[in-house]
Structure formats: C-alpha cells, structure tokens
Engineer: 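Here you go, one structure.
In what follows, residues are counted from 1 in the order of the sequence shown.
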Amino acid sequence: MSTVLSGSAVAFVCLLTLVLGVFGLRLSRRTSDFYVAGRTVSPARNAAAIGGEYLSAASFLGVAGLIYDQGVDALWYPVGYTAGYVVLLVLVAAPLRRSGAYTLPDFAEARLESRFVRHLCSVLVVLIGWLYLVPQFQGAGFTLRMVTGAPPWLGAVVVLVVVVLSVAAGGMRSITLVQAVQYWVKLTALAVPAGVILGVWWATSGPMPAVTDSWTTPLAGTGGEGQAHSLYRTFSLIVALALGTTGLPHVVVRYYTNPDGASARQTTVRVLALLAIFYVFTVVYGVLGRAYLPVLEGGMRADAVVLRLPTEVLAGLPADVLVAALAGGAFAAFISTSSGLAVAVTGVLNQDVVRPLLGHLSGGDHSEVTGFRMAAVVAVVVPFGVSRFFPEVPLAAFVTLAFVIAASTFFPLLALGVWWPRLTVQGAAAGLVTGAVLATGALVVTVMVGEPGGWPGALLAHPAAWTVSLAALTSVGVSLATPHGIPRGTARTLARLHTPEAITDAR
C-alpha cells in the first residue's frame with residue numbers, strides 16, 4: 001500500500017508539472033518568453049517561483065538530515081540560505097533587473113563590453129548549474145528507491161524526462177508557473193506531516209531527543225581537531241551560502257523576469273518570508289528524528305530521516321499517506337530546482353554554443369526556439385550522466401560546493417560591477433579566474449585526497465572565507481593597475497543600473 005501511494009504521489013507531481021508546462025507553451029511565443037517570461041512576472045508569483053526552485057533536495061531532505069546529524073551548528077545552513085536574499089536585496093536586485101540582460105553573461109558583457117569576460121561567465125554558469133543538478137538527480141533516485149523500492153536510476157530518469165519536456169515546452173514562461181505552484185506543494189507536503197507528527201509526539205508524551213552535549217552546544221565542532229576550527233568553519237559556511245546565493249545563475253535570472261527594479265526588490269522581501277516559513281519545518285524533522293530514530297540503521301543516510309520519521313511515529317495507512325506526501329514534495333523539489341537550473345544553463349548554452357553553431361551550419365537561417373530546445377536537452381542530459389558515476393554525498397553538503405564556487409566568482413563580479421566604476425575588463429577576468437581556480441582546487445583536493453587535519457583541513461573543506469576575499473582583492477588590484485581597461489560606456493551603464501524606472505519612463 002505504501003509503495004502504491006508513494007508512487008501515485010510522485011506520478012501526480014510529474015503530471016502536474018507537465019500539464020503546467022503545456023499550458024505555458026500556449027503562452028510562450030517570443031524569445032523573451034523563453035528566457036525571462038516576457039519580463040511580466042508579478043512579485044508574488046516570482047517570489048513563489050524563486051522559493052520553488054531555490055528549495056532544492058538540499059533544503060527538503062538535506063537540511064533536516066544535517067540538523068539530525070550535527071545539531072544546532074547545522075542551523076546555520078537555513079540561516080545562510082535565507083541571508084543570501086538580504087544580500088541580493090541590498091546590493092544587486094534592482095540593478096540586475098534594470099540591466100535588461102537575459103543571463104549573467106549578458107550582464108557581464110553589457111557592463112564590461114568584453115566578449116572574453118562573457119565567455120568566462122558562460123563557462124562558470126554551466127559549471128555551477130551542472131554541479132547543482134547532480135545532487136538533484138541523485139536525490140531523486142535515492143528517494144524513489146526508499147519509498148517504492150525502485151532501482152536508483154529510475155528516479156533520476158523520471159526527473160530528467162519531466163524537466164526536459166517542461167523546459168523545452170515553454171522555457172521560463174512555463175517554468176515560472178510550475179515553480180510557483182510547486183513551492184506551495186512542497187510547503188504543504190512538508191508542513192502537514194510535520195504538524196501531524198508533532199501533534200502525536202505531544203499527545204503521547206513521546207520520547208525526548210537522544211543527543212550529546214555537542215549536539216546542543218553551538219560551535220562545538222564534530223570532535224577532535226574540528227572543535228578548534230569550528231568558528232572559522234561556521235563563518236566560512238555563512239560566507240559561502242549568503243554570498244553564493246547572489247551568484248547562482250538560476251537565482252539571478254529570476255530578477256530579469258520582473259517588470260522593473262522596484263518589483264525585483266518586492267520579490268526579494270517576499271522570498272525572505274517564504275523561505276523562513278519553510279525552514280521552520282525542517283527543524284521539526286531534525287529534532288524529532290533524534291527522538292524516534294536515535295540511531296540510524298547501517299548504511300542509512302541522514303537525508304532519509306524526513307522520509308523515515310512518519311513510519312516511526314505512526315503505523316498503517318496514516319503513516320503511508322504521510323510518507324507519500326513527503327515523497328511527492330521531495331520530487332516537487334527535485335523537479336522545480338532542476339527546471340530552474342536547466343533554464344539558466346540552457347539560455348547560456350543556446351546563446352554561446354548552439355546558436356552560433358546552428359548559424360554557421362545553416363548560414364544564419366535557424367529558429368531561436370529550436371536552438372533553445374536543443375540546448376535544454378544538453379543542459380540536463382550531461383549532469384544526469386555525471387550523477388550516475390559521481391559518489392553519493394549528503395545533499396546539503398554537495399549543494400554547498402556550488403555555493404562556494406558561485407560566491408568566489410560571481411559575487412565579486414556583480415558587487416563590483418554594480419557599485420564600483422573603476423572595475424576594468426582585466427580586473428573582472430582576473431577575479432573570475434582566481435576565484436574559480438582557488439575554490440575548485442580546494443574542493444577537488446578535499447574530495448579526491450580527503451580532508452587533512454588542522455588548519456589546512458579547515459581551510460580546504462570550507463574555503464569561501466579566503467577564496468571570496470582573494471578573488472575580490474584580485475579584481476580590485478588588477479583594476480587599479482589597468483585603468484586603461486575601464487569600459488568607455490561605464491558611466492552610462494551605471495546610470496542605467498541605478499536610475500529608477502519611474503524617472504527614465506518620465507523622460
């Protein structure tokens with residue numbers, strides 16, 4: 001019975017996604033519909049859509065698993081994820097919308113008047129997008145296997161097919177509607193079981209969480225040398241999550257869909273509220289997981305706590321219904337996040353790879369929509385293939401890798417590009433390369449060699465604090481040394497980024 005209900009919930013979410021995608025196809029006619037939904041998305045819908053794509057597998061399953069495993073120190077994950085939107089609100093939300101760009105590389109080229117910087121940004125968008133997509137496929141396979149017993153590859157294939165069809169159908173116009181609906185699906189799927197479980201625990205005077213002192217002590221670390229560096233690790237994690245949000249391509253592209261800069265700011269304020277509501281329930285699962293599942297069975301991941309908890313608290317049909325709801329919500333998370341990432345990567349691949357290639361082969365006679373749909377297939381199939389061979393790691397930890405690279409590359413570019421008129425082409429390029437090489441190098445060493453002890457281990461496992469700083473200092477230093485590289489149209493571009501639409505429209 002449990003398998004049937006869970007499978008039906010997953011099928012319902014997939015069918016809902018495809019139906020909404022087909023509806024979006026009827027609305028998508030122009031190029032801007034596919035890239036930025038015609039720039040007509042209201043703050044309320046855009047906030048729900050951002051919540052839909054931002055609350056990924058790492059948020060739905062991974063954060064609760066980290067809280068279960070690490071205790072109060074893991075609460076910095078939802079704090080960091082949410083704080084990123086405060087940074088966006090203050091620094092770049094409205095200017096990004098006023099730039100008139102479709103993608104991050106578009107913005108970089110418009111600001112710096114450099115095709116080289118554009119190409120660097122394109123490579124990084126694809127890298128970050130694919131790195132973020134891999135855990136979505138792995139999480140889908142893990143979830144479907146756990147609730148139905150299906151082979152691990154099946155869940156990933158389901159997400160692959162649904163995402164390709166929905167993205168290719170109507171681009172950003174379709175995905176915006178899908179993600180806005182799926183935020184509320186995810187919230188309901190997480191909140192209702194949490195409320196039931198909490199109510200049962202309260203009514204029956206259920207067991208107290210079985211935890212150690214380090215689980216309830218802030219900055220206690222995980223034991224051994226980690227305790228001495230827990231303050232640095234926590235600070236670096238917050239830097240990665242808060243500043244990395246600003247550089248995530250699927251988040252940034254959302255601000256191009258608002259009608260104007262004021263709407264972009266309103267969207268961000270609403271997003272903060274939606275994220276705060278969602279993350280409250282992940283804490284419930286992490287804490288009560290410690291009460292009903294004090295010890296995980298051999299080989300079970302902490303990410304499984306959310307899906308396992310209902311069967312530990314209830315029995316029979318009620319437990320099966322709650323598990324099915326959570327399985328459907330988890331797949332809504334996988335699909336909505338993957339769809340947003342796919343659109344962001346697809347836009348870049350189409351503009352910088354597929355469209356030039358098709359134009360060369362056909363003498364310039366090709367359809368923009370055809371190129372977009374071809375790029376959508378590539379954008380999703382490649383990370384799907386990688387996910388089949390990449391070792392499984394905790395979902396939230398995996399996603400943090402993408403945040404580190406985004407923070408080390410795009411945050412300095414966006415912050416300096418929006419607010420510092422002396423940024424040069426050479427400085428921007430040097431900062432991007434420095435941040436990418438340092439962040440990627442540190443993460444590769446940690447994954448391939450393992451985490452060494454002492455400060456080297458802390459610095460390599462949590463590099464954002466120093467990689468972001470060095471990337472920003474490199475951009476500033478090289479820019480000051482190459483004043484001839486300041487784009488000729490800098491003053492005009494910055495005036496457009498910072499002038500409210502009410503003033504420009506009045507003129």
Engineer: Relative to each other, are the rings of Y183 and F278 parallel, tilted or perpendicular (30° and 60° limits)?
Structural biologist: tilted
Engineer: Indicate the atoms forming the closest heavy-atom contact of V126 with L349, along with that distance.
Structural biologist: CG2-CD2, 3.9 Å
Engineer: Which distance, rounded to the nearest 0.5 Å, do you find between the CG of L165 and the OG of S339?
Structural biologist: 10.5 Å
Engineer: Taking the side chain as everything from C-beta on, heavy atoms only, tell me whether V386 gets closer than 4.5 Å to F137.
Structural biologist: no
Engineer: Show the nearest heavy-atom pair for residues P152 and R145, with the distance to one decimal.
Structural biologist: CG-NH1, 3.7 Å
Engineer: Ring pair (Phe, Tyr, Trp, His ring centres under 6.0 Å): which pairs involve residues 138-158, sequence neighbours left out?
Structural biologist: none
Engineer: Within the structure provided, determine whether T246 and L91 are in side-chain contact (heavy-atom separation under 4.5 Å).
Structural biologist: no
Engineer: Return yes when atom CH2 of W76 has more than 12 non-hydrogen atoms of other residues, nucleotides or ligands closer than 6.0 Å, and no otherwise.
Structural biologist: no
Engineer: Can you find a side-chain donor-acceptor pair between Q182 and T17 that sits under 3.5 Å?
Structural biologist: yes
Engineer: Quick check against the 3.5 Å criterion: does W466 have a side-chain atom that pairs as donor or acceptor with the backbone of L459?
Structural biologist: yes
Engineer: Work out which heavy atom in L124 is nearest to a heavy atom in A436; give both atom names and the distance.
Structural biologist: CD2-CB, 3.8 Å
Engineer: Using the side chain to side chain contact (heavy atoms under 4.5 Å, CB included) rule, take L272 and T82 through it: C-alpha gap first, then chi angles, then the decisive distance, then the call.
Structural biologist: CA-CA 6 Å; L272 289 170; T82 307; 3.8 Å; yes
Engineer: Quick one: does Y232's side chain have a donor or acceptor within less than 3.5 Å of a partner on H462's backbone?
Structural biologist: yes
Engineer: Side chains of V348 and P249: closer than 4.5 Å at any heavy-atom pair?
Structural biologist: no
Engineer: How long is the span from the CG atom in L307 to the CG atom in L322, to the nearest 0.5 Å?
Structural biologist: 11.5 Å
Engineer: Side chains of C14 and I335: closer than 4.5 Å at any heavy-atom pair?
Structural biologist: yes
Engineer: Tell me if the centroids of the rings in F334 and F331 come within less than 6.0 Å of each other.
Structural biologist: yes
Engineer: Is the side chain of W215 donor-acceptor paired with the backbone N or O of I67 at a distance under 3.5 Å, no angle test?
Structural biologist: yes
Engineer: Does L432 form a side chain to side chain contact (heavy atoms under 4.5 Å, CB included) with C121? I'd like the steps, not just the answer.
Structural biologist: CA-CA 8 Å; L432 287 170; C121 291; 3.9 Å; yes
Engineer: Treating Y285 as the side-chain partner and L190 as the backbone partner, does any N or O pair qualify as donor plus acceptor under 3.5 Å?
Structural biologist: yes
Engineer: Check the orientation of Y81 and Y54. Use parallel for under 30°, tilted for 30 to 60°, and perpendicular for over 60°.
Structural biologist: perpendicular
Engineer: Could you give the distance from OG (S6) to CG (D320), rounded to the nearest 0.5 Å?
Structural biologist: 7.0 Å
Engineer: Mind checking whether I238 and V79 have side chains closer than 4.5 Å, heavy atoms only?
Structural biologist: no
Engineer: Find the distance between OG1 (T143) and CE (M146) and round it off to the nearest 0.5 Å.
Structural biologist: 8.5 Å
Engineer: Do L104 and F410 touch side chain to side chain, with heavy atoms closer than 4.5 Å?
Structural biologist: yes
Engineer: Shortest non-hydrogen contact from K186 to G329?
Structural biologist: CG-O, 3.5 Å
Engineer: Could you check if a side-chain atom of V87 sits within less than 4.5 angstrom of a side-chain atom of T245, using non-hydrogen atoms only?
Structural biologist: no
Engineer: How far does CZ of R308 sit from CG of L326, to the nearest 0.5 angstrom?
Structural biologist: 13.0 Å
Engineer: State, to 0.1 Å, how close S475 and G431 come at their nearest heavy-atom pair, and which atoms those are.
Structural biologist: OG-CA, 3.1 Å
Engineer: Rounded to the nearest 0.5 Å, what's the gap from CD1 on I405 to CG on L127? Could you check?
Structural biologist: 5.0 Å
Engineer: Identify each donor-acceptor pair in which a side-chain atom of residues 55-65 lies under 3.5 Å from a protein atom, sequence neighbours left out, and give them as a table.
Structural biologist:
| from | atom 1 | to | atom 2 | distance (Å) |
| --- | --- | --- | --- | --- |
| S56 | OG | A58 | N | 3.3 |
| S59 | OG | Y279 | OH | 2.8 |

Engineer: Looking only at heavy atoms, what is the nearest atom pair of A332 and S336, with distance?
Structural biologist: O-OG, 2.7 Å
Engineer: With a 4.5 Å heavy-atom cut-off, do Q136 and V399 have their side chains touching?
Structural biologist: yes
Engineer: Between T467 (side chain) and A439 (backbone), is there a donor-acceptor pair under 3.5 Å?
Structural biologist: no
Engineer: Heavy-atom count around R45 CZ within 6.0 Å, excluding the residue itself: above 12?
Structural biologist: no
Engineer: Hey, mind stepping through Y77 and T282 against side chain to side chain contact (heavy atoms under 4.5 Å, CB included) and telling me if it holds?
Structural biologist: CA-CA 11 Å; Y77 280 87; T282 62; over 6 Å; no
Engineer: Got a donor-acceptor contact below 3.5 angstrom from the S236 side chain to the A464 backbone?
Structural biologist: yes
Engineer: Under 3.5 Å, which donor-acceptor pairs do the side chains of residues 195-203 form with other protein atoms, sequence neighbours left out?
Structural biologist:
| from | atom 1 | to | atom 2 | distance (Å) |
| --- | --- | --- | --- | --- |
| W201 | NE1 | P207 | O | 2.8 |

